[in-house]
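A short worksheet on the structure shown next.
Just the heavy atoms: all of them, side chains too, but no hydrogens, waters or symmetry mates, feed the values below. The sequence lines fix the lettering, A, B, ..., with proteins before strands; numbering per chain opens at 1.
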There are 2 protein chains.
Amino acid sequence: MPTPRGDAMSPQCPTRQLLDRIGTKWTSLIIKVLAENHPTETRFTDLRRAIPGISHKMLSATLHSLTADGLTTRRVEPTIPPKVHYSLTPLGLSLETPLAALRTWAETHMHEIDTHRRYTSP
Amino acid sequence: MPTPRGDAMSPQCPTRQLLDRIGTKWTSLIIKVLAENHPTETRFTDLRRAIPGISHKMLSATLHSLTADGLTTRRVEPTIPPKVHYSLTPLGLSLETPLAALRTWAETHMHEIDTHRRYTSP
DNA sequence: CTGTATCCTCCAAGATACTG
DNA sequence: CAGTATCTTGGAGGATACAG
């Protein structure tokens, strides 16, 4: 009986920290939209339109969180009313690659998970 | 001013569903340990040892959820006391690839996020 | 050894309303 | 247009105890 090779991995490991961020309800969607528009900036209202169901508050909060993390930039056009433009930083853009891989997996396989779940627990 | 290309993406998109699963506190860690031991099975207690801090209850709950999703298998050795062995299904193993990519990104770049966060909001 | 049940806490996130 | 403040709630997840 071989001993498991699984190393200790504390809840504070980098991956957990990352998932704590991109795992929040809207983060990955926002990054996706920004990546699709990249390198063009995207306005607050346009993000709202691109992400049906997101609340005003959560879009604002998530964008500020992303900006604090250095994943997005925020540019204010001091007009009246103001226009605020967001875009991915190089760091944010680099995250798109593994995120896209996850997206591809999800689009390919999520139905298998759903099917399995339905089959075993109706 | 170009129109954003961001398509509508409902909260029920495959990626959100996937993140709702692997984004839970312990799922990605469990998959990692199982992948490291693959194709050898891993026992409940060995998983507990490999994942410091996980509670009894959450390990059990998360494993059952993974099994219901078809990502892991559960094999009971009907001894007294019983031994329960878990391993990744082919589906679960296929998820390891994009997950590993995310892990690599996290290990490479999370410190930049932390640094940025500290720099801008101490 | 593995799993379940109970209780409790905390926080992500929605609704709503107000501001510059 | 964009952001903030307040209130509220559901559910994730911890502690603990018990069972087969």
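- Summarising the geometry, the separation between CG on Leu19(A) and P on dG13(D) is reported as 12 Å, rounded to the nearest angstrom.
- One finds no salt bridge joining Arg103(A) and Glu107(A) here, because no Lys/Arg side-chain nitrogen approaches an Asp/Glu carboxylate oxygen to under 4.0 Å.
- Not a single donor-acceptor pair under 3.5 Å links the side chain of Thr42(A) to the backbone N or O of Leu47(A).
- Evaluation of atom-type donor-acceptor distances gives a pair under 3.5 Å for the side chain of His56(A) against the base of dG3(D).
- For dG3(D), the OP1/OP2 oxygens have a side-chain nitrogen or oxygen of Tyr86(A) closer than 4.0 Å.
- In the set dG3(C), dG13(D), dC1(D), dG3(C) carries the atom at the smallest distance from any side-chain atom of Val84(B).
- Here dT6(C) is the nucleotide among dT4(D), dC1(C), dT6(C) with the atom lying nearest to any side-chain atom of Lys57(B).
- Residue Met58(A) places its side chain closer to dA13(C) than to any other of dG14(D), dA13(C), dG3(C).
- Closest to the Thr24(A) side chain, of the nucleotides dC1(D), dG3(D), dA13(C), is dA13(C).
- Rounded to an integer number of Å, the gap from CG of Leu29(A) to C1' of dA13(C) is 14 Å.
- Between Asp20(B) atom CG and dG10(D) atom P the separation is 18 Å, expressed in whole Å.
- A sub-4.0 Å separation between OP1 or OP2 of dG14(C) and a side-chain N or O of Ser55(A) is present.
- OP1 and OP2 of dA12(D) both lie 4.0 Å or more from every side-chain N or O belonging to Arg21(B).
- Counting non-hydrogen atoms under 4.0 angstrom, Arg48(B) reaches nothing in the nucleic acid.
- Remark: Arg49(B) engages Asp46(B) in a salt bridge, criterion side-chain N to carboxylate O under 4.0 Å.
- In the hydrophobic clustering of ILVMFWY residues, with side-chain heavy atoms under 4.5 Å counting as a link, Val76(A) and Leu71(A) come out together.
- Comparing Phe44(B) and Gly23(A) by the nucleotide of DNA chain C that holds the closest heavy atom to each, the one mapping nearer the 5' end is Phe44(B).
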Could you go through the side chain to side chain donor-acceptor pair (under 3.5 Å) check for Arg21(B) and Thr62(B) one step at a time?
CA-CA 9 Å; Arg21(B) 299 237 159 85; Thr62(B) 308; over 6 Å; no
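- Phosphate proximity of dT4(C) to Ser60(B): present, with a side-chain N or O under 4.0 Å from OP1 or OP2.
- Distance His64(B) NE2 to dG13(D) C1': 17 Å, rounded to the nearest Å.
- Side-chain to base pairing of Lys25(B) with dG13(D): no donor and acceptor N or O lie closer than 3.5 Å to each other.
- No contact: Thr79(B) has no heavy atom under 4.0 Å from any strand.
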